[in-house]
Number of protein chains: 2
Amino acid sequence: MPRPTIKDVATAAGVSKGAVSFALNDRPGVAPETRRRILEAAERLGWTPSPRARALSVSRALAVGLVLARPARVLRADAFFPAFISGLESALSEHGHALLLQVAEHDDEAAYRRLAAGGRVDGVLVTDLQVDDRRPALLEELALPAVIVGPHLGDGFGPQQSALGVDDVPGVTAAVQHLASLGHARVAHVSGPLTMVHGRSRRDAWASAMAAAGLPAGPLVEADFSAESGAAAMRALLRLEEPPTAVVFANDVMAMAGLSVAQARGVSVPRDLSVTGYDDTEIAAHVQPPLTTVAIDVVAWGRAAALRLLELVDGRPPSPVDLPPARLVVRGSTGPAPTTPSSSSS
Amino acid sequence: MPRPTIKDVATAAGVSKGAVSFALNDRPGVAPETRRRILEAAERLGWTPSPRARALSVSRALAVGLVLARPARVLRADAFFPAFISGLESALSEHGHALLLQVAEHDDEAAYRRLAAGGRVDGVLVTDLQVDDRRPALLEELALPAVIVGPHLGDGFGPQQSALGVDDVPGVTAAVQHLASLGHARVAHVSGPLTMVHGRSRRDAWASAMAAAGLPAGPLVEADFSAESGAAAMRALLRLEEPPTAVVFANDVMAMAGLSVAQARGVSVPRDLSVTGYDDTEIAAHVQPPLTTVAIDVVAWGRAAALRLLELVDGRPPSPVDLPPARLVVRGSTGPAPTTPSSSSS
DNA sequence: CACCACTTCTAAACCGGTTTAGTACAGGAA
DNA sequence: TTCCTGTACTAAACCGGTTTAGAAGTGGTG
């Protein structure tokens, strides 16, 4: 027996389709007794409305889209998306919306167009924003509500768009201050791509925190968030005439790879060199030495992003969100600055 | 201007809705000249069929579901899903299907029921199968086609179900043989939960490979794939009267955590102890020493799973898949067995 | 010429909901 | 009594496609 339809419920309750629809959506114009009878019949038949049909008649998809714009290689190592998705979905399912995934290897523009053209989603989440990203403009053109996930940009977005994200500044600042208080003066930064908003924002946060601590701008190496690039950055820093005594990495993966390079070169961490990461990945606490890093609540972030998107879709005013702030987790990879100027002995 | 509908195309081409539908689905009964005119009109208006409407009339959802059944804490560290999803989606989008995600913290049964009741998906992918999993039976009851992702189980599944996965045996066997050839005789295994199919299958593979190499069964510690549990397992192994000279971990995360514990205890890897992982996570190559591990092509796996599911949904016979086999990647964490019986000096 | 088969196309039903227009009936006021 | 208003409900249109039944036109055969 196929799933019962609204018609089955209607005949079972001895009323018309319309009455059932009214009763189930709590709309006036149905006598209490009739409503009760209808609900009882629906219950008895085990009827649930079909989102398919519902979506068609209300002209809404009842789903939102997330485009994974990173290449599979990078996705492979990523700890952000699973947690983020988990948060997203928990909020969405509470509101009867589904989460639709689309993976765009390169041409993400086409992916968004497909999503919009199909009318399969009511809105989308945009992650990994580039500094000069064309997607907000594209989505505005497609009239697709969007939540841009990441640190705030200066520029405003369209009326159908909203930026939402954990502020990088406090976390990175805490890391720099922590190092400064340990006596470090040459604090380098290994950033993500500076073409990406969260690559750049962490770089900026590091630079201003350094200035605020009264320290000279340390060396900066631009990497791409991958382990390989983190390792390369560390090698470059160690080749410097005056290597830094501490390195602030823009994420854990690079930090761990950097850590490994330093150790392989006989540089002891944290005795000769302090290292910090960002993300608080699960393994971060389980490498040798355990990584000092910045923890963010990605699940909460996902929930907040989903709720904001639903508000946009419904045309409701955005309610304020307060995300748990990033916090520094001090572990074994940071220690007092070496007194002997950058000698390296195992 | 809202998206054009099939009716707009019909009037533009001077034909009926039905004719347009025929023309666009390459069905006979349309004169070549008419077909051309219709396609031209559709092109000019920029029309794309609405999956919403299409799904309703063909009584298919044109989407498949994936339930992430792991708690957020574990998901956080997981490198499997992003890559797997990436593979899934690439195959699905080629066939006009969408990927719908559902996250089930605990009660995954309810998640599947929701998916089935809503009729939002035509089939589902089941991961992380438990040895005594109720989901295959549940899905059969719900008449929801399913691909069970993971190593084959002995029992057959329903007609609407199919198991598909990378065989664990060759990878684990290669790891054990590699260690045996290096002279290791006491090779321990740190497994995932033995209530999980892939936890058990890797354990079994290790046990038979040991037997095949003519070695006595080494110590076995059951863990849960998390870093914390891997660390605990390593501590337990080091406490043994006769600690193993090599440890085969069931995944990279546990292996890296175990590696770290050994080093913290002053056990040198690979001099005193060899360690292997499973997954070939990105960071595995960038810890100190780099991890010897088993690489699997998770993206290809995802593609294959998606294609098989589409076959099931369409009622086509399953086509054989050949997944690239797991292969051992030898790095620095494995070396010759120590000659002095398990002395530990830094 | 009558009949049949085949191709090409249209009209209408259908998927399963929501929503609008309109009907039936009750009670209250003039 | 008649008229009006409001409530409770039904019938039908609608969302945007697919699919079936049937109509119209064409060509071939006896």
Side-chain angles (χ1 to χ4, degrees), chain A residues 1-39 41-42 45-63 96 98 116-120 122 314, chain B residues 1-39 41-42 45-63 96-98 116-122 314:
Chain A
M1 44 0 6
R3 294 173 12 123
T5 75
I6 198 172
K7 189 162 196 175
D8 299 325
V9 177
T11 39
V15 293
S16 70
K17 278 169 55 179
V20 176
S21 180
F22 281 137
L24 278 131
N25 294 323
D26 287 326
R27 291 160 66 115
V30 184
E33 155 61 16
T34 314
R35 180 187 307 272
R36 198 199 51 71
R37 214 173 61 240
I38 293 173
L39 294 178
L45 295 178
W47 177 78
T48 17
S50 150
R52 283 217 280 279
R54 194 148 189 285
L56 184 59
S57 63
V58 299
S59 297
R60 297 259 250 90
L62 303 177
R120 277 193 125 139
D122 297 320
D314 292 346
Chain B
M1 50 337 30
R3 295 171 14 127
T5 75
I6 199 171
K7 190 163 196 176
D8 299 325
V9 178
T11 40
V15 293
S16 71
K17 280 169 55 179
V20 176
S21 180
F22 281 138
L24 277 129
N25 294 324
D26 289 325
R27 291 159 65 115
V30 185
E33 155 61 14
T34 315
R35 179 186 307 272
R36 199 199 51 72
R37 215 173 60 240
I38 292 172
L39 293 178
L45 295 178
W47 177 78
T48 16
S50 151
R52 282 217 279 278
R54 193 148 191 287
L56 184 60
S57 63
V58 298
S59 297
R60 297 258 251 91
L62 303 177
H97 279 240
R120 278 193 125 140
V121 296
D122 297 320
D314 293 346

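Convention: sequence-line order gives letters A, B, ...; per-chain numbering from 1. Every heavy atom of this structure was used, including side-chain atoms; hydrogens, water molecules and symmetry mates were not.
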Rounded to the nearest angstrom, tell me the gap between atom CG in B:D26 and atom C1' in D:dT18. 15 Å
Just how far, in rounded Å, is C1' of C:dG17 from CZ of B:R54? 20 Å
When we call it a touch if two heavy atoms are under 4.0 Å apart, what does A:G119 touch: a base, just sugar-phosphate, or nothing? nothing
Just call it for B:V20: base, sugar-phosphate, or nothing, with non-hydrogen atoms closer than 4.0 Å on any strand. nothing
Are the side chain of A:N25 and the backbone N or O of A:F22 linked by a donor-acceptor pair below 3.5 Å? no
Side-chain N or O of B:S57 versus OP1/OP2 of D:dG17: is the shortest distance under 4.0 Å? no
So do B:I38 and B:E33 actually touch side chain to side chain, heavy atoms under 4.5 Å? no
Can you find a donor-acceptor N/O pair under 3.5 angstrom joining the side chain of B:K17 to the base of D:dG17? yes
Need one value for B:R60: base, sugar-phosphate or nothing, where a base atom within 4.0 Å counts as base even if backbone is also close, heavy atoms only. nothing
Do B:D122 and B:H97 come within less than 4.5 Å of each other through their side chains, counting heavy atoms only? yes
Within the structure shown, what part of the strands sits under 4.0 Å from A:K7 by heavy-atom distance: base, sugar-phosphate, or nothing? nothing
Check: B:V20 and B:K7 side chains under 4.5 Å, non-hydrogen atoms: no
Between A:R35 and B:N25, the residue closer to the 5' end of DNA chain D by nearest nucleotide is A:R35
How close or far is atom P of D:dC9 from atom CZ of A:R37, stated in whole angstroms? 7 Å
Look at A:W47 and C:dG17 and indicate whether a side-chain polar atom (N or O) is within less than 4.0 Å of OP1 or OP2. yes
Is B:S21 touching bases, backbone alone, or none of the nucleic acid, heavy atoms closer than 4.0 Å? base
Is any side-chain nitrogen or oxygen of B:R52 closer than 4.0 Å to OP1 or OP2 of C:dC15? no
Residue whose nearest DNA chain C nucleotide is more 5′ - B:T34 or B:V58: B:T34
